[in-house]
2 protein chains.
Amino acid sequence: MVSNKELQEKRMRGYFIEAAKEILKGEGVKALNVRAVSERAGYSFATLYNYFKDLNELTFICVQDFLDECDAFADAQSLGRIIGVERLKIRMKAVINYFTQYPGIFELCFVEKMNDLGSRQSTGRMIFDLTDKIASDDLGAMIADGLISDSQAKIIGMSLRNSIAGMLIFYLNRLQPADYKEFMKIVENQLDSAIGLNEISPDQI
Amino acid sequence: MVSNKELQEKRMRGYFIEAAKEILKGEGVKALNVRAVSERAGYSFATLYNYFKDLNELTFICVQDFLDECDAFADAQSLGRIIGVERLKIRMKAVINYFTQYPGIFELCFVEKMNDLGSRQSTGRMIFDLTDKIASDDLGAMIADGLISDSQAKIIGMSLRNSIAGMLIFYLNRLQPADYKEFMKIVENQLDSAIGLNEISPDQI
DNA sequence: TACACTATATTAACATTGTTTATTTTTTTA
DNA sequence: TAAAAAAATAAACAATGTTAATATAGTGTA
């Protein structure tokens, strides 16, 4: 059972967390600062320090929440699909879509706060695990179906993780072909390449 | 012909640029600030503004220099090699090695200053072009040899670019397997995967 | 109900960093 | 050598993170 005090404290933390998340989604990590968060939460900037050790702790919580959200989004997007290669691709595309929808979150997760230690747990580790977690069921099924071996699954997992990070980095810095449609074609292509499907059908050119 | 004034100004800029590069290589981007650079250069922090518009301009020049250095390193590492797949891999590994040698430079180029506009030219664009430039000759040779098609070359180029960015991001945040040797094995693997060689020999498992 | 005590919120203050303005020092030139 | 120009620096300001001191609100008890 939770005491009033615990409940109240949790609410207060929630106000700051929500404010921070709004700023991150809307204006990006450059706009995130103690005063802006506190003002949006309806408190003085010093009040924040009564509920969080520092801005890093608050930011870390936001990253956690966003990654959970991304995970849930992948689940929602692949709901009802048969486990396997196609579902894997859908789930990977969901990750891409989540971060392209909120460039500020990508910047936060992959760029700004990846190694700002101070939080006992590393932000980077969570991000690292994200794609693995999202891909694991389908890769497992592919192994079970004899489509790939264990070590191939490991390689594919790494390829997916790396290429997704790379694609997002470049796309979100406006360096990929330009428009979103074109980008998604490339994503399709790179996913196939990472999974190892491109080489099978080189006639598609 | 250059006037005395131009020569002197160039020297002065050089002192600040060298100081900034030393800091970036040694202590990383977090330690880069106007006062630290100026002190190392032997001048007051205000003097920097007589030679650079702001810290961003100076940083941008450092990025340019480092990318040139990386390019030259790839040339040196692949000197005398026969153009083609093997040379391509050597050159890509050179890129990886350059940035693992100087994590601060990677952080600077890929993370911190990728889109801090203000410089007319984008840092991101230069980085984006880097792997393409380093890979282009070998990919061209592979096309000429009939090993791959034009569009396959494009895909491979993208895969290399993406996976290198991804691998470095994760490795430099200490998330890849741990030690350098292990990492380089994975690099080897991922490069083969990006080039499309893994699928050809699935028996290697 | 009034008062002491505690918890909470806020204001004031300080450190760091980027940047601009004003001042001083140095160099050039007539 | 003295005036003018250029260069270097010091002083100052703004933004941001953070802490210390102060004020306010809430709570339990005589």
Side-chain angles (χ1 to χ4, degrees), chain A residues 2-20 22-24 27-63 104 107-108 112-113 115-119 123, chain B residues 2-20 22-24 27-63 104 107-108 112-113 115-119 123:
Chain A
V2 288
S3 66
N4 279 355
K5 188 180 156 154
E6 278 168 334
L7 179 63
Q8 287 161 11
E9 184 164 329
K10 197 178 166 189
R11 276 202 195 117
M12 284 296 289
R13 284 172 66 91
Y15 299 147
F16 286 100
I17 292 168
E18 273 318 301
E22 278 170 32
I23 291 172
L24 286 167
E27 299 155 64
V29 67
K30 284 184 302 301
L32 187 80
N33 65 67
V34 178
R35 283 161 176 87
V37 172
S38 303
E39 187 183 5
R40 194 178 281 243
Y43 290 91
S44 154
F45 59 86
T47 307
L48 188 146
Y49 289 92
N50 292 337
Y51 296 94
F52 303 90
K53 182 180 154 289
D54 54 23
L55 187 59
N56 267 322
E57 192 194 341
L58 175 57
T59 310
F60 182 74
I61 291 165
C62 293
V63 171
E107 202 187 349
L108 168 73
E112 208 79 17
K113 295 290 171 184
N115 56 359
D116 259 12
L117 274 309
S119 9
T123 304
Chain B
V2 288
S3 66
N4 279 355
K5 186 178 157 155
E6 279 168 332
L7 178 65
Q8 287 162 11
E9 185 164 329
K10 196 176 165 189
R11 276 199 196 118
M12 284 297 289
R13 285 171 66 93
Y15 299 146
F16 286 100
I17 294 168
E18 274 317 302
E22 278 170 31
I23 290 172
L24 287 167
E27 298 155 64
V29 68
K30 284 184 302 298
L32 188 79
N33 66 65
V34 179
R35 284 161 176 85
V37 172
S38 303
E39 188 183 5
R40 193 178 282 243
Y43 289 91
S44 154
F45 61 85
T47 306
L48 188 148
Y49 290 92
N50 293 338
Y51 296 94
F52 303 90
K53 180 179 156 289
D54 55 23
L55 186 61
N56 266 322
E57 191 194 342
L58 174 57
T59 311
F60 183 74
I61 291 166
C62 292
V63 172
E107 203 187 349
L108 168 73
E112 208 79 18
K113 296 290 172 184
N115 56 359
D116 259 12
L117 273 311
S119 9
T123 305

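Because the structure is predicted, anything quoted here is derived from the model rather than measured. By convention in this document, chain letters (A, B, ...) are assigned in the order of the sequence lines, proteins followed by strands, and residues within each chain are numbered from 1.
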- Can you find a side chain N or O atom of Thr47(A) that sits less than 4.0 Å from OP1 or OP2 on dT10(C)?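 Yes.
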Distance, rounded to the nearest Å, where [X] contributes [atom1] and [N] contributes [atom2]:
| X | N | atom1 | atom2 | value |
| --- | --- | --- | --- | --- |
| Leu58(B) | dG18(C) | CG | C1' | 13 Å |
| Tyr49(A) | dG17(D) | OH | P | 7 Å |
| Phe52(B) | dA8(D) | CZ | P | 12 Å |
| Lys10(B) | dA7(D) | NZ | P | 17 Å |
| Gln8(B) | dT27(C) | CD | P | 10 Å |
| Lys53(B) | dG18(C) | NZ | C1' | 12 Å |
| Asn56(B) | dT17(C) | CG | P | 16 Å |
| Glu9(A) | dA7(C) | CD | P | 12 Å |

- Is it true that a side-chain atom of Arg13(A) and a backbone atom of Tyr51(A) form a donor plus acceptor pair closer than 3.5 Å?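 Yes: the side chain of Arg13(A) pairs with the backbone of Tyr51(A).
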Closest nucleotide among [options] to the [X] side chain:
| X | options | result |
| --- | --- | --- |
| Phe45(B) | dT19(C), dT11(C), dA9(C) | dT19(C) |
| Leu55(A) | dT17(C), dT19(C), dG17(D) | dG17(D) |
| Met12(A) | dT9(D), dT19(C), dA9(C) | dA9(C) |
| Asn33(B) | dT17(C), dA12(C), dT16(D) | dT17(C) |

Which value, rounded to the nearest 0.5 Å, describes the distance between [X] atom [atom1] and [Y] atom [atom2]?
| X | Y | atom1 | atom2 | result |
| --- | --- | --- | --- | --- |
| Tyr49(B) | Leu58(B) | OH | CG | 10.0 Å |
| Ile17(B) | Phe52(B) | CD1 | CZ | 4.5 Å |
| Tyr43(A) | Asn50(A) | OH | CG | 11.0 Å |
| Arg40(B) | Glu22(B) | CZ | CD | 5.0 Å |

Is [X] touching bases, backbone alone, or none of the nucleic acid, heavy atoms closer than 4.0 Å?
| X | value |
| --- | --- |
| Tyr43(B) | sugar-phosphate |
| Asn50(A) | base |
| Tyr51(A) | sugar-phosphate |

- Message: By nearest heavy atom, map Leu48(A) and Arg35(A) onto DNA chain C; which one lands nearer the 5' end?
- Response: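 By nearest-heavy-atom nucleotide position, the 5'-most residue is Leu48(A).
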